[in-house]
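I have placed the structure first, in the form of structure tokens, so that the comments after it can refer back to it.
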Amino acid sequence: MEGTIVKMAKEFKISALRLKELEQELFYLKTTREKEVAEQIKEARSFGDLSENSEYDEAKNEQAKLYGRIAEVENILAHAVIIDETEDSEGKISLGCTIKVEDMETGDEELYAIVGSQEANPMECRISDDSPFGKALLGHKVGDIVDVEAPIGVLKYKILTVEK
């Protein structure tokens, strides 16, 4: 085995709820949506000459996007690792936690959920454990002051609460 390179597949850390959502999305894409796109292609073909048929081109592009998304969801499901949200890590920040932090510069308090990269949505305060902010917070507990590297410099946050 010397000289052999083994490439590990990327794991996707997700909650049980997100897993169920992805399974439902995949079912919808492979049934309802696939039939809709096939119907669009069939209808566009009926318009005649395919070389100048923009409806056909659009339907084929839609089919390519559909198959791309199906492959993406199947890959996520094949490499999903469910976050154990019941695991007690002695009050330390880990995946699945909801935390409240205080910005030490402004005094503003903010509430965040620490989630896997597939569930991250900063606009909804759902921060990935892979993000600089998420990585900096992991393993800390209430009362800790954490330095977070940001493009504008180092930001300091005090951890106020940690809940599973």
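These values consider heavy atoms only, across backbone and side chains, with no hydrogens, waters or symmetry-generated copies. Counting from 1, the numbers follow the sequence of the chain as shown.
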Quick one: list whatever passes side-chain hydrogen bond (donor to acceptor under 3.5 Å, both in side chains) with [X], sequence neighbours left out.
| X | result |
| --- | --- |
| Glu21 | Arg18 |
| Ser46 | none |
| Tyr112 | Glu110 |
| Glu119 | Ser15, Arg126 |

Would you please name every residue forming a salt bridge (Lys or Arg N to Asp or Glu O under 4.0 Å) with [X], sequence neighbours left out?
| X | result |
| --- | --- |
| Glu74 | Lys30 |
| Glu72 | Arg69 |
| Lys60 | none |
| Glu109 | Lys100 |

**Message:** Looking at every non-hydrogen atom in both residues, tell me the closest pair between Cys97 and Val162 and how far apart they are.
**Reply:**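 Looks like SG-CG1, 3.9 Å.
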**Request:** Mind listing the closest non-hydrogen atom pair of Asp129 and Gly116 along with its distance?
**Result:** OD1-CA, 3.8 Å
I need the [X] [atom1] to [Y] [atom2] distance, nearest 0.5 Å.
| X | Y | atom1 | atom2 | result |
| --- | --- | --- | --- | --- |
| Thr106 | Leu155 | OG1 | CG | 9.5 Å |
| Glu55 | Glu62 | CD | CD | 14.0 Å |
| Ile76 | Leu22 | CD1 | CG | 5.5 Å |
| Gln40 | Glu43 | CD | CD | 8.0 Å |
| Glu23 | Leu26 | CD | CG | 8.5 Å |
| Leu138 | Lys92 | CG | NZ | 11.5 Å |

**Asked** Above 12 or not: heavy atoms from other molecules or residues under 6.0 Å from CD of Gln24?
**Response** yes
If two hydrophobic side chains count as joined below 4.5 Å and joins carry through other members, does [X] share a cluster with [Y]?
| X | Y | result |
| --- | --- | --- |
| Val148 | Leu111 | no |
| Ile99 | Val142 | yes |
| Val73 | Val115 | no |
| Met123 | Ile127 | no |

**Message:** Could you go through Gln63 and Ile41, starting from their C-alpha distance and side-chain angles, then the distance that decides it, and tell me whether this counts as side chain to side chain contact (heavy atoms under 4.5 Å, CB included)?
**Reply:** CA-CA 9 Å; Gln63 184 182 46; Ile41 291 171; 3.5 Å; yes
**Fill in**
Students should find that the hydrophobic cluster of Ile145, defined by side-chain heavy atoms under 4.5 Å apart, otherwise consists of Met104
**Prompt:** According to the side chain to side chain donor-acceptor pair (under 3.5 Å) rule, which pairs have a member within residues 153-163, sequence neighbours left out?
**Reply:** Asp147-Lys156
**Prompt:** What pairs meet the ring pair (Phe, Tyr, Trp, His ring centres under 6.0 Å) rule with one or both residues in residues 14-37, with sequence neighbours excluded?
**Reply:** none
**Request:** For Asp144 and Val146, indicate whether the former's side chain and the latter's backbone hold a donor-acceptor pair under 3.5 Å.
**Result:**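 No.
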Scan the side chains in residues 130-137 for donor-acceptor partners under 3.5 Å anywhere in the protein, sequence neighbours excluded, and list what turns up.
from   : atom 1 : to     : atom 2 : distance (Å)
Ser131 : OG     : Ser128 : O      : 2.8
Ser131 : OG     : Gly134 : N      : 2.9

